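Some notes on the structure that comes next.
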Amino acid sequence: MGNFFKNLNRNKVLLFMVLPGAIWFFFFSYLPLVGTIVAFKEYRFSRQGFWASIINSDWVGWDNFKFLFSTEDAFVITRNTLLYNIAFIALGLVFSVLMAIILSELVSRKMSKIYQTGMFLPYFLSWVIVGYFVFSFLSMDRGLLNQMLGWVGMEPVQWYSDPKYWPYILVLVNLWKMVGYNSVVYLAAIMGIDRSLYEAAMIDGANKWQQIRSITIPMLTPIITIMTLLAVGRIFYADFGLFYQVPRDSGTLYSVTNVIDTYVYRGLMTTGEIGMSAAAGLYQSIVGFTLVIVANYVVRRVDKDSSLF
């Protein structure tokens, strides 16, 4: 016990530094875990407050989970959520690393900053605004794409009524919005690579591609692994704005745009079942946590230094 207090006193400055973050996590991440009990209750509002509502609500056990996954849409929303996130993780990784490498190779620092700012800007736009941008391209009457098709003598396409185009549209829009932000992490990692490694490679006659393949990519592997592990943890979560605002909640597109988050939202708005919504959130969290643990275990077996823990 004496050593504990001695170490506590020795590291008190560092402990005070992490105290604000620890308090934030306690109130916004750990304290709300008590509310997961709602997933096992038929939640009903009480005038006496939130805790009284939880206590007075009837216990239903696993009924909320059964309701969530006993519908005809269960397979569709699970499939869409998984496949879209796999595409986002894979393509986002490739394009983010590619853009970071391209920016790092620009000779002009001024132009590099301009390109970074231009790529970073879409991340700060809300999905409502992005949805209107997409609508300006895909509108049946005045959309830019349909006007271009008319110029070449082709019939206009009813984009918001034809599901076959939307897997590509959603992936493209997500890449446009997120690649600039994600590339900043990899660009910072590239800037931290010892430049003497490149100088030695140039002396040995290595061209740019050989330098990227033999130095940049191997040095980026640990951060790529960590970023991928974190993304895997959210593979059962979908960006609600992307799948709700961009397709403009078109019912004819539900087969390719309906994911767990939008399904729960529509169900909540229609039936008001808060217990079902809580059950879906708990399900997503448990699956995401399990995937991170499993993926980290696999990475740790292959390369211990690249794992999260």
Side-chain angles (χ1 to χ4, degrees), residues 18 21 25 81-109 111-113 115-123 170-239 242 284-285 287-309:
V18 302
F25 269 104
T81 304
L82 279 173
L83 293 182
Y84 277 120
N85 277 310
I86 290 172
F88 294 160
I89 292 172
L91 295 177
L93 172 64
V94 172
F95 283 97
S96 296
V97 172
L98 179 63
M99 294 308 301
I101 293 174
I102 292 173
L103 289 173
S104 69
E105 294 296 331
L106 290 177
V107 176
S108 173
R109 295 293 96 185
M111 292 304 299
S112 176
K113 296 297 182 183
Y115 290 139
Q116 280 182 252
T117 304
M119 292 170 54
F120 206 77
L121 179 62
Y123 177 77
L170 292 174
V171 170
L172 183 62
V173 171
N174 181 267
L175 288 175
W176 172 78
K177 193 175 190 295
M178 304 301 296
V179 162
Y181 175 80
N182 293 332
S183 65
V184 172
V185 177
Y186 301 112
L187 181 61
I190 292 173
M191 294 295 101
I193 299 176
D194 189 354
R195 309 314 296 179
S196 63
L197 296 175
Y198 294 99
E199 294 172 1
M202 286 188 288
I203 292 174
D204 291 337
N207 55 34
K208 281 294 181 184
W209 166 245
Q210 291 172 328
Q211 293 174 35
I212 292 171
R213 186 182 61 187
S214 302
I215 300 175
T216 306
I217 299 299
M219 297 296 287
L220 285 179
T221 299
I223 189 66
I224 289 174
T225 304
I226 291 173
M227 295 295 288
T228 303
L229 285 174
L230 294 175
V232 166
R234 295 189 60 83
I235 201 169
F236 260 73
Y237 285 83
D239 198 321
L242 172 63
Q284 290 174 304
S285 299
V287 172
F289 176 76
T290 304
L291 287 173
V292 168
I293 296 297
V294 172
N296 185 78
Y297 174 77
V298 173
V299 172
R300 190 175 180 85
R301 292 296 298 264
V302 177
D303 183 7
K304 186 177 180 179
D305 294 333
S306 297
S307 61
L308 280 174
F309 47 85

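None of these values were measured; they are calculated from a predicted model.
- Between atom CG of residue Leu187 and atom OG of residue Ser96 there is a gap of 11.5 Å, rounded to the nearest 0.5 Å.
- For residues 170-191, the set of pairs meeting the side-chain hydrogen bond (donor to acceptor under 3.5 Å, both in side chains) definition, not counting sequence neighbours, is empty.
- For Gln211 (side chain) and Met202 (main-chain N/O), no donor-acceptor pair under 3.5 Å exists by modelled atom type.
- The number of heavy atoms from other shown groups lying within 6.0 Å of CZ (Arg301) does not exceed 12.
- For the pair Thr216/Val97, no side-chain contact is recorded, criterion being any heavy-atom separation below 4.5 Å from C-beta on.
- When atom types are taken as modelled, the side chain of Glu105 and the backbone of Ile102 share no donor-acceptor pair closer than 3.5 angstrom.
- Summarising the geometry of Met178 relative to Tyr123, their closest heavy-atom pair is CE-CE1, 3.7 Å, with the distance given to 0.1 Å.
- In this structure, Ile223 CD1 and Thr228 OG1 are separated by 9.5 Å, a value rounded to the nearest 0.5 Å.
- With hydrogens and angles disregarded, a donor-acceptor distance shorter than 3.5 Å links the side chain of Asp194 to the backbone of Ser196.
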Evaluate the side-chain contact (heavy atoms from CB on, under 4.5 Å) criterion for residues Ile190 and Leu103: first the C-alpha distance (whole Å), next the side-chain angles of each, then the deciding distance (0.1 Å), finally the verdict. CA-CA 10 Å; Ile190 292 173; Leu103 289 173; over 6 Å; no

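- Remark: Ile89 CD1 to Arg234 CZ distance equals 10.5 Å, nearest 0.5 Å.
- Around CZ of Phe289, the count of heavy atoms belonging to other residues, nucleotides or ligands within 6.0 Å does not exceed 12.
- Here the side chains of Leu98 and Val179 are not in contact, with every heavy-atom distance at 4.5 Å or above.
- Separating the CE atom in Met191 from the CD1 atom in Ile193 is a distance of 8.0 Å, to the nearest 0.5 Å.
- Separating the OG atom in Ser104 from the CD1 atom in Ile212 is a distance of 7.0 Å, to the nearest 0.5 Å.
- Ala87 approaches Val171 most closely through the heavy-atom pair CB-CG2, 4.3 Å.
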Kindly indicate, with the supporting measurements, whether the criterion side-chain contact (heavy atoms from CB on, under 4.5 Å) is fulfilled by Phe88 and Leu242. CA-CA 12 Å; Phe88 294 160; Leu242 172 63; 3.6 Å; yes

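- The local environment of OH in Tyr115 is sparse, with at most 12 non-hydrogen atoms from other residues, nucleotides or ligands closer than 6.0 Å.
- Put simply, OG1 on Thr221 and CD1 on Ile226 are 11.0 Å apart, with the number rounded to the nearest 0.5 Å.
- When side chains are defined from C-beta on, Leu82 counts as touching Ile235, because their heavy atoms get closer than 4.5 Å.
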